[in-house]
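Sequential numbering from 1 along the given sequence is applied to the chain's residues.
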Amino acid sequence: KEARTKLLKGEKQDRTNSEVKALSRELERTATKLYIRAASKRQKSPQTAKDLCRTIMRMVPSSSSSYKKAKRLYMDI
């Protein structure tokens with residue numbers, strides 16, 4: 001959550017800043033890893049999978065492919 005807040009502040013100030021871009025990429029990589037975990041827990045632990053999906057949806061923008069996948073998975077559980 002803290003990283004997402006920093007990203008939003010950074011994007012407001014300067015979207016072209018290399019640190020902002022690096023943080024955005026790192027959040028996306030983390031979201032992808034969390035999505036893989038959520039998908040693998042879908043059957044055995046649906047509540048954990050939903051929690052992971054919520055985390056993803058809070059950490060990346062709605063335009064992110066990870067956000068869209070997480071939302072779809074969340075709605076399917």
Tell me, please, which residues at least two apart from [X] pass side-chain contact (heavy atoms from CB on, under 4.5 Å).
X   : value
P61 : R4, S63, S64
I36 : T32
S40 : none

Legend entry - T48: partners by side-chain hydrogen bond (donor to acceptor under 3.5 Å, both in side chains), with sequence neighbours left out: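 If we apply the side-chain hydrogen bond (donor to acceptor under 3.5 Å, both in side chains) test to T48, skipping adjacent residues, the hits are S45.
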Listed pairs under 3.5 Å, donor-acceptor, residues 49-57 side chains, sequence neighbours left out:
residue, atom, partner, partner atom, Å
D51, OD1, Q47, NE2, 3.1
D51, OD1, R54, NH1, 2.6
T55, OG1, D51, O, 3.0

Inset, instruction - Name all residues meeting the salt bridge (charged side-chain N to carboxylate O under 4.0 Å, His left out) criterion together with R29; count only those two or more places apart in sequence or in a different chain, and write none if there are none. - result: E26
